[in-house]
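What follows is a set of notes on a single structure, which appears directly below.
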Amino acid sequence: MTKTRNLVFGLAGLSLLLAGACSGQPAAPTGAAGGTGAGQPKVLFTGDSIAADEALALTAAFQAGGTPFESIAEDGGGNVLGPFADKNWEKLPGQIAAAKPAVVVYQITTYDWGSQPEQQAAYDRLLTTATGAGAKLVFVTMPPIRPDDFYQPRMADLGHARAAAQAVAAGSSGRATVLDASAVWGSAYQQTRDGKADRSSDGIHPCPQGAARFTSWLLGELAKVNPGITPPSAESWANTGWAADARFKGC
């Protein structure tokens, strides 16, 4: 079966046709992206299943730009506090050390449950871990979600996660920064943009168009954090097949 996605989205004022076919073009992997990365700063990306979806586009883009990239984002986890965090901390320091990144990007997860002081303590622990591995820590705010019965009781916790990250970054002497992804997603869940599916109908995850818009934005922001990162043109990574990945549902 051949299935083609045609997604039109704005990238820095450019309308780009993004097409992914299930046959002929394999989706990019979510692990390490190679390219011509010798001597270039490595980016390690982590978060929950939202980040794992975004990592499909990020992997393709970083590979096109020749910047080493690795995603350790996890379905149903990836968080540094809240449920599953204890298990995650058993392996996270080793993962960060083994990756030898210059930049660790932590997208705040939908499981970062706790009071603001608890969030700050967890984020400070992550900062210490990243710094110990020689990396700068970049927090990225999570996209707004349409909460179901599972998430509704935790929305207050998630509502102050950004402030907790900002407090940690403010006291980090430049070792951490916070990127506000509302520049991509807006302040409320929006399923369609420009007549195309941008977010999954599940109210949580991105669609290929959203992942592509996020990737274009994040590449530009990371280039400011570390000038050694050079964003490739969207044309070089948009049509490499990742948009047809089965992870994208409800799009």
Side-chain angles (χ1 to χ4, degrees), residues 40-48 50-52 54-55 58 61-62 65 67-74 77-82 84-86 88-144 157-185 187 214-231:
Q40 293 196 42
K42 182 174 182 177
V43 176
L44 182 68
F45 184 56
T46 186
D48 59 10
I50 298 173
E54 294 163 343
L58 285 166
F62 276 109
T67 298
F69 172 77
E70 182 178 350
S71 172
I72 56 172
E74 294 186 1
N79 47 312
V80 296
L81 79 158
F84 327 116
D86 288 347
N88 199 34
W89 274 112
E90 291 176 1
K91 59 186 178 181
L92 183 60
Q95 289 175 314
I96 292 175
K100 298 180 180 179
V103 180
V104 173
V105 180
Y106 178 74
Q107 181 168 269
I108 292 171
T109 82
T110 58
Y111 300 103
D112 282 15
W113 305 344
S115 66
Q116 187 169 330
E118 289 171 332
Q119 290 168 331
Q120 286 182 217
Y123 296 161
D124 191 61
R125 181 183 180 186
L126 180 60
L127 172 62
T128 299
T129 303
T131 301
K136 184 166 186 176
L137 177 61
V138 176
F139 294 99
V140 177
T141 60
M142 57 174 272
D157 290 1
L158 296 176
H160 49 62
R162 178 176 64 176
Q166 289 172 328
V168 169
S172 72
S173 300
R175 296 175 299 154
T177 191
V178 179
L179 301 180
D180 186 353
S182 64
V184 179
W185 309 113
S187 59
F214 174 80
T215 293
S216 180
W217 169 81
L218 184 61
L219 285 167
E221 294 301 311
L222 290 180
K224 300 173 188 175
V225 172
N226 190 317
I229 297 171
T230 302

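Bear in mind that the values here come from a model prediction, so they are computed numbers and not experimental data.
The two atoms that bring Ala135 and Pro101 nearest to each other are CB-O, 3.4 Å, heavy atoms only. Smallest separation of non-hydrogen atoms from Trp185 and Pro144: CB-CD, 3.5 Å. Contact between Leu137 and Ala130 at its shortest, heavy atoms only, is CB-CB, 4.3 Å. Looking at every heavy atom in both residues, Ala102 comes nearest to Pro41 through CB-CB, 3.6 Å. The two atoms that bring Asp112 and Val80 nearest to each other are OD1-N, 4.1 Å, heavy atoms only.
With values rounded to the nearest 0.5 angstrom, Thr46 atom OG1 is found 7.0 Å from Gln95 atom CD. Atom CG of residue Leu81 and atom CG of residue Asp86 lie 10.0 Å apart, to the nearest 0.5 angstrom. To the nearest 0.5 Å, atoms OG1 (Thr131) and CG (Asp124) are separated by 9.0 Å. The line from CG of Leu179 to CD of Glu221 is 5.5 Å long, rounded to the nearest 0.5 Å. Of the inter-residue distances, the one linking Gln40 atom CD with Ile229 atom CD1 reads 9.0 Å to the nearest 0.5 angstrom. Expressed to the nearest 0.5 Å, how far CG of Leu58 lies from CD of Glu70 amounts to 13.0 Å.
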Exercise. Going through the distances and angles, do Phe84 and Glu74 end up as a side-chain contact (heavy atoms from CB on, under 4.5 Å)?
Worked result: CA-CA 11 Å; Phe84 327 116; Glu74 294 186 1; over 6 Å; no
Problem set entry | side-chain hydrogen bond (donor to acceptor under 3.5 Å, both in side chains) between Asn88 and Tyr111, worked out | CA-CA 12 Å; Asn88 199 34; Tyr111 300 103; over 6 Å; no
Problem set entry | Working for side-chain contact (heavy atoms from CB on, under 4.5 Å), residues Ile72 and Leu92 | CA-CA 9 Å; Ile72 56 172; Leu92 183 60; 3.8 Å; yes
For this session: Assess whether side-chain contact (heavy atoms from CB on, under 4.5 Å) is satisfied between Ile96 and Leu126, documenting all intermediate values.
Result: CA-CA 10 Å; Ile96 292 175; Leu126 180 60; 4.2 Å; yes
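Put simply, the side chain of Trp89 reaches to within 4.5 Å of the side chain of Thr129, judged on heavy atoms. Annotation: side chain of Val178 is not in contact with side chain of Tyr123 (no heavy-atom distance under 4.5 Å). In this structure, Asn226 and Lys136 have side chains that are not in contact, with every pair of non-hydrogen atoms separated by 4.5 Å or more.
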Side-chain donor-acceptor contacts of residues 159-169 below 3.5 Å, not counting sequence neighbours, with atom names and distances?
residue, atom, partner, partner atom, Å
His160, ND1, Gln119, OE1, 2.7
His160, ND1, Asp157, O, 3.2
Arg162, NH1, Asp180, OD2, 2.7

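Using modelled atom types, one side-chain atom of Thr141 and one backbone atom of Ala181 make a donor-acceptor pair closer than 3.5 Å. Checking side-chain atoms of Asn79 against main-chain N and O of Thr109 turns up no donor-acceptor pair under 3.5 Å.
Classification of the Phe62-Phe69 ring pair by plane angle, with boundaries at 30° and 60°, yields parallel.
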